[in-house]
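Proteins come first, then strands; the chains are lettered A, B, ... in the order of their sequence lines, and each starts at number 1. Atom set for the values below is all heavy atoms of this structure, side chains included, hydrogens, waters and symmetry mates excluded.
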Amino acid sequence: MIHSKKVNNVTIISFNGMESLDAQNAFRIKGELKGLINEKVSKVILDLENINFIDSSGFGAIISALKTAKRAGGNLKICNASENTIELFRLMSLDSVFEFFDSEEKCQSSY
Amino acid sequence: MFLNFLIQRKNVSPVIKLNRMYYINNFNSDKDNLSLIYKWIAELEIPTTIISQLHLKLIVNEGFINACNASRNKFERINIILNVSDKSIEILVTDIGKGFKVDHHQGNFPSKMIGKTYKLFTQPIEELMVSVIDNNCIRFFCNKREGEIAKLLESNRGLLSMLKISDVVEYHYSKNSLNYLYVELNNK
């Protein structure tokens with residue numbers, strides 16, 4: 001389940017009760033992320049603390065959200081990603097596309 | 001062919017032969033079976049010196065999803081076969097689809113294509129290429145390129161990610177039997 005909160009004009013999105021972003025749930029996640037991001041909500045943080053696996057379908061949903069945020073004049077940054085998750089970003093050649101932070105606070109202050 | 005022997009066995013693992021371990025399982029071609037596959041992989045005792053759990057999970061996941069996409073319905077069976085020695089691992093994921101499409105040809109490739117390379121698709125910083133090895137086999141490889149990150153595609157990352165982990169990624173087409181994705185990693 002996706003959970004979102006707004007702190008200082010930045011929207012923080014986290015995943016409760018989910019360990020993977022993959023082909024089983026990517027379509028739904030993509031739709032939910034798109035629904036959350038718009039011109040008024042374009043500075044986004046994706047908190048990946050609970051996520052331990054992302055496949056190419058899951059990355060498709062994240063890229064879609066990044067594009068939506070950028071089109072709306074904002075950005076999408078990543079916090080609390082595990083070493084395994086960052087390795088998956090690297091394998092998908094996406095480690096240079098996103099900014100990573102080891103805490104929500106640091107990520108928030110980067111905006 | 002050993003592949004045919006293995007895929008006739010259902011849910012039998014591991015098979016021990018000549019210092020090799022063969023793990024085999026099969027699943028309906030339904031993406032909702034990924035959770036079952038993750039559970040199966042987590043239970044396998046494959047040395048992490050050969051492959052990490054994360055990399056094995058990624059390869060099997062992407063191979064399974066490719067096979068699901070090639071299936072006509074959710075009830076076709078997809079076999080996953082792991083052939084593990086102390087020096088290497090081979091991963092096979094079967095499907096009964098029409099085969100990969102390369103340069104307007106699908107499945108059985110004409111002899112004039114053998115030895116040639118083709119571009120399958122382009123991402124901003126890399127391209128997925130194939131070499132046609134014989135009439136029924138293609139081998140994937142990746143070309144680096146310059147490109148705009150803004151033009152990122154949302155799809156087509158599975159095979160590219162496999163190539164970063166593996167020594168060989170091939171697809172074998174069979175007109176009258178099972179096609180299979182073949183991935184090989186050697187302990188360096």
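- Using a 4.5 Å cut-off between heavy atoms, A:L94 contacts chain B through its side chain alone, with no backbone atom that close.
- Contact check for B:N79 versus B:N25: no side-chain heavy atoms found under the 4.5 Å cut-off.
- Only the side chain of B:Y38 comes within contact range of chain A, with at least one heavy atom under 4.5 Å from a heavy atom of that chain.
- Contacts with chain A were tallied for B:M162, B:K57, B:E126, B:H55; B:K57 has the most, counting heavy-atom pairs under 4.5 Å.
- We find that B:E62 and B:R157 are not joined by a salt bridge, their nearest charged nitrogen and carboxylate oxygen being 4.0 Å or further apart.
- No side-chain heavy atom of A:F15 sits less than 4.5 Å from a side-chain heavy atom of A:H3.
- In this structure the side chain of B:T94 never reaches within 4.5 angstrom of the side chain of B:I96, judged on heavy atoms.
- For A:K70, no part lies near chain B; criterion is any non-hydrogen pair under 4.5 Å.
- Using a 4.5 Å cut-off between heavy atoms, B:L153 touches chain A through its backbone atoms (N, CA, C, O) alone.
- Residues A:R90 and A:E83 are not paired through a salt bridge, judged by the lack of any N-O separation under 4.0 Å between the basic side chain and the carboxylate.
- Interface remark: B:N61 contributes side-chain atoms only to the contact with chain A (heavy atom separation under 4.5 Å).
- Contacts between B:S52 and chain A at a heavy-atom distance below 4.5 Å are absent for every atom of the residue.
- In this structure, chain B has no heavy atom under 4.5 Å from any part of A:E19.
- Taking the centre and axis of the six-membered ring of A:F100, the NZ or CZ atom of A:K77 falls outside the cone set by 45° and 6.0 Å.
- When each of B:D32, B:I65, B:L163 is checked for heavy-atom pairs under 4.5 Å with chain A, B:D32 comes out on top.
- In terms of modelled atom types and a separation under 3.5 Å, the side chain of B:Q53 and the main chain of B:I41 share a donor-acceptor contact.
- Within the 4.5 angstrom heavy-atom criterion, atoms from both the backbone and the side chain of B:L34 approach chain A.
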